[in-house]
Structure formats: C-alpha cells, structure tokens
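Heads up, the thing below is written out as structure tokens.
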Amino acid sequence: MRVRRRADLGTEMKGSIVMDKKREDMERFEHYLREQEKSKSTIEKYMRDVRRFFDFVDAEEYGREQVIVYKQYLQEHYKLSSVNSMLIALNGFFRYIGRPEYCVKTCRLQRQIFWPDERMISRDEYLHLIQTAKKNGQIRLSCILQAIGSTGIRVSELKFITVEALEQQVIRIQLKGKNRIVPLPSSLVLLLKNYCNKNKIKRGVVFVTRNGTPVDRRNIWAEMKSLCKAAGIRSSKVFPHNLRHLIARSFYEKEKDLVRLADFLGHNSVETTRRYPVISSME
C-alpha cells in the first residue's frame, strides 16, 4: 500500500482550495451579472468566455502574463471582433474579483466602411424570405420577420410585442435597465391582430412556442436557417440581427440622422449606431 507524502497532500489541498475559489468567483460574477439585469444570452456568453480562459490556462494560479498569452492564442484562432468580445467579458470578470491589473487591452480594429456582399441582406431578399415563409406555411416566422424588419427591435425584445401593445400601437421595452417606446406601423398591427385571431391568442405575448413560452433566439435562428435553403439565399446573410442593419440603412438613407437612429435602435452611443448604416461593397 502506497503511503502518500505530506507534501503531496499539501499540494492537492492547495489545488483544491484554488479550484474552489475560482468556482466561487465565477458563481459570484454570474450573480452580479444577473443583478446588473444583463440578458440571459449575455450572461451565458460572459460565463462561457471566462470558462474558456480557465480551460486554456489549466493551472492553479495565473497572472497577467498568462492572460497575454491567452490573448495571443485568441488572435491566432478567431476574428478580431470575436477576440475583443471575449476579452471584454474576461476583463469584466477580473475587475469584479478585484484584479484589474490582469486586464489586457482589446485589439484595435479599423472602422468598417463596407460590408462584404455575402453578409449583407437586401430589401428584395428580405421580401423574398417573407413570401417564401408564407408559401411554406411558416406564418409565425413570416410575422416575426416583418415585426423585426418594421421596428428594428432585437430578438430578445420580441416578448414585448403583446396583444395589449397591439391595441396601443406601441411597444414599451424594458431591457438592460433602459426603457424605450417603439411605435408599431398600422400595417404591422393589422397583420399581427389577424395572426392572433387565427391562433386564438387573446392576451399576453404574441410570439410563443407550443409550450406557451416566448420564442427565443435559438428558435428563430434555426427556422431562419432552414428558410434560407427554400428561398435560395445565402445562410450567411440571414440572421435576426441583420434585419436591424437593414432597417437602419433604410432609415438613414431617408433621414440622414444618426442621433434619431440611435434612439430608434435603443443605443446609448452614436458610435455604436455608426456601424449599422454601412453599405455593401457592391453598392
């Protein structure tokens, strides 16, 4: 029978304590994000990014040197926009646990003047998607496409489109600690009222699953990707957030007002809004 040395036991105990501390820090950070009213998808992403770092480090203790090495690894394997997104989440974690000295700078990105054509959806393609969804009997998806395309709301904000909101012809969005009112076009109100009548939806959220829960990003993403094949449109162009870009371009072409567009989209900063009206390289 092998007798374990005291040094081995001490090392194992130290490692166990460190792992418990990491786990505790992550649980506290997740609770903090909830208190900050971050969306469910944002919390999942932040926690996934922090876990990815710890999986990479695979050591009991770490410091800024390990974070810099991790940053270099990310730059070699991911797009810079994705790298920055992961580093922002990780820096947020470090600041929360009282280790701001571990934070690293994000990568500098050149401002994007054009969008690649394979990523930009046109108005004609958007309308073709709606018609294809109707033809295939995907009425809910057709209505969702028109709801996002008419209002510029996020997928996470679809739950604020209720039967009661249709009566008032506005949706009142309370998300991320902010409140904003989005007017509903009369044509959209009529479309969604007809949808509610046919599906016997008399109160509450309009777009729900078979279980009665509000549809989420995963539901819509999967349906939109399957619709791409039927419509003969590149799948790289079709995702919910791209519809926000489409209406932002349409709005800016007509109004030429970034401040109003920022209010319309619910952005805190005009700098964020500047990315939305970008035209395609072909245009």
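Just so it is clear, the model here is predicted, and its values are computed rather than measured.
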### Message
Go through it in stages, so that I can follow the logic: the residues are Phe94 and Phe53, the test is side-chain contact (heavy atoms from CB on, under 4.5 Å), and I'd like the CA-CA distance, side-chain angles, deciding distance and then a yes or no.
### Response
CA-CA 12 Å; Phe94 290 145; Phe53 168 71; 4.0 Å; yes

### Task
Apply side-chain contact (heavy atoms from CB on, under 4.5 Å) to Cys107 and Lys71, showing your working.
CA-CA 9 Å; Cys107 307; Lys71 176 183 175 180; 4.1 Å; yes

### Task
Evaluate the side-chain contact (heavy atoms from CB on, under 4.5 Å) criterion for residues Lys159 and Val215: first the C-alpha distance (whole Å), next the side-chain angles of each, then the deciding distance (0.1 Å), finally the verdict.
CA-CA 8 Å; Lys159 63 186 178 183; Val215 295; over 6 Å; no

#### Entry: Pair Phe93-Phe54, side-chain contact (heavy atoms from CB on, under 4.5 Å): steps then yes or no
CA-CA 12 Å; Phe93 172 73; Phe54 284 132; 3.8 Å; yes

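The list of side-chain hydrogen bond (donor to acceptor under 3.5 Å, both in side chains) pairs with a residue in residues 91-104, not counting sequence neighbours, reads Arg99-Glu101. Every pair passing side-chain hydrogen bond (donor to acceptor under 3.5 Å, both in side chains) that includes a residue from residues 201-212 is listed here, sequence neighbours excluded: Thr209-Thr213.
Note: Ile201 CD1 to Thr162 OG1 = 11.0 Å, rounded to the nearest 0.5 Å. Between the CG atom in Asn84 and the OH atom in Tyr78 there is a gap of 14.0 Å [rounded to 0.5 Å]. Rounded to the nearest 0.5 Å, atoms CD (Gln36) and CD1 (Ile43) are 10.0 Å apart. Distance check: Met224 CE to Ile233 CD1 gives 9.5 Å after rounding to the nearest 0.5 Å.
Note on Ile161 and Val205: separate hydrophobic clusters, where clusters join Ile, Leu, Val, Met, Phe, Trp and Tyr whose side-chain heavy atoms are under 4.5 Å apart, directly or indirectly. Hydrophobic clustering places Met86 together with Ile68 (ILVMFWY residues linked when any side-chain heavy atoms are closer than 4.5 Å, directly or through intermediates).
With sequence neighbours left out, Arg34 forms a side-chain hydrogen bond (donor to acceptor under 3.5 Å, both in side chains) with Glu30. Listed by chain and number, the residues in a side-chain hydrogen bond (donor to acceptor under 3.5 Å, both in side chains) with Lys193 amount to none (sequence neighbours excluded). Residues that satisfy the side-chain hydrogen bond (donor to acceptor under 3.5 Å, both in side chains) test with Arg52, not counting sequence neighbours, are Asp49.
Under 3.5 Å, the side chains of Lys45 and Ser85 contain a donor-acceptor pair of N or O atoms. Side-chain polar atoms of Glu35 and His31 form a donor-acceptor pair below 3.5 angstrom.
Heavy-atom minimum distance, Leu166 versus Val189: O-CG1, 3.6 Å. Heavy-atom minimum distance, Asp25 versus Arg28: OD1-NH1, 3.0 Å. Residues Ala165 and Leu184 approach most closely at O-CD1, 4.0 Å, considering heavy atoms. In this structure, Ala89 and Val50 approach most closely via the heavy-atom pair O-CG2, 4.4 Å.
Side-chain atoms of Glu157 come within 3.5 Å of backbone atoms of Arg154 as a donor-acceptor pair (strictly under, hydrogens ignored). Judged purely by atom type and a 3.5 angstrom limit, Arg64 has no side-chain atom pairing as donor or acceptor with the backbone of Val104.
Taking the six-membered ring where tryptophan is involved, the planes of Phe29 and Tyr46 are essentially parallel, since the angle between them stays under 30° and well short of 60°.
Within the 4.5 Å cutoff, side-chain heavy atoms of Ile171 are placed close to those of Ile153. Residues Arg234 and Cys228 have side chains not in contact (no heavy-atom distance under 4.5 Å, counting atoms from C-beta outward). Inter-residue side-chain proximity for Ile220 and Leu158 is flagged as met; some heavy-atom pair is nearer than 4.5 Å. In this structure the side chain of Phe207 reaches within 4.5 angstrom of the side chain of Leu192, judged on heavy atoms. When side chains are defined from C-beta on, Tyr73 counts as touching His77, because their heavy atoms get closer than 4.5 Å. With contacts defined as side-chain heavy-atom distances shorter than 4.5 Å, the pair Pro183/Gln169 does not qualify. Inter-residue side-chain proximity for Leu74 and Leu87 is flagged as met; some heavy-atom pair is nearer than 4.5 Å.
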Side-chain donor-acceptor pairs under 3.5 Å in residues 132-145, sequence neighbours left out?
{"from": "Thr132", "atom 1": "OG1", "to": "His128", "atom 2": "O", "distance (Å)": "2.8"}
{"from": "Arg140", "atom 1": "NH1", "to": "Val208", "atom 2": "O", "distance (Å)": "2.9"}
{"from": "Arg140", "atom 1": "NH2", "to": "Glu223", "atom 2": "OE2", "distance (Å)": "2.5"}
{"from": "Ser142", "atom 1": "OG", "to": "Gln146", "atom 2": "NE2", "distance (Å)": "3.2"}

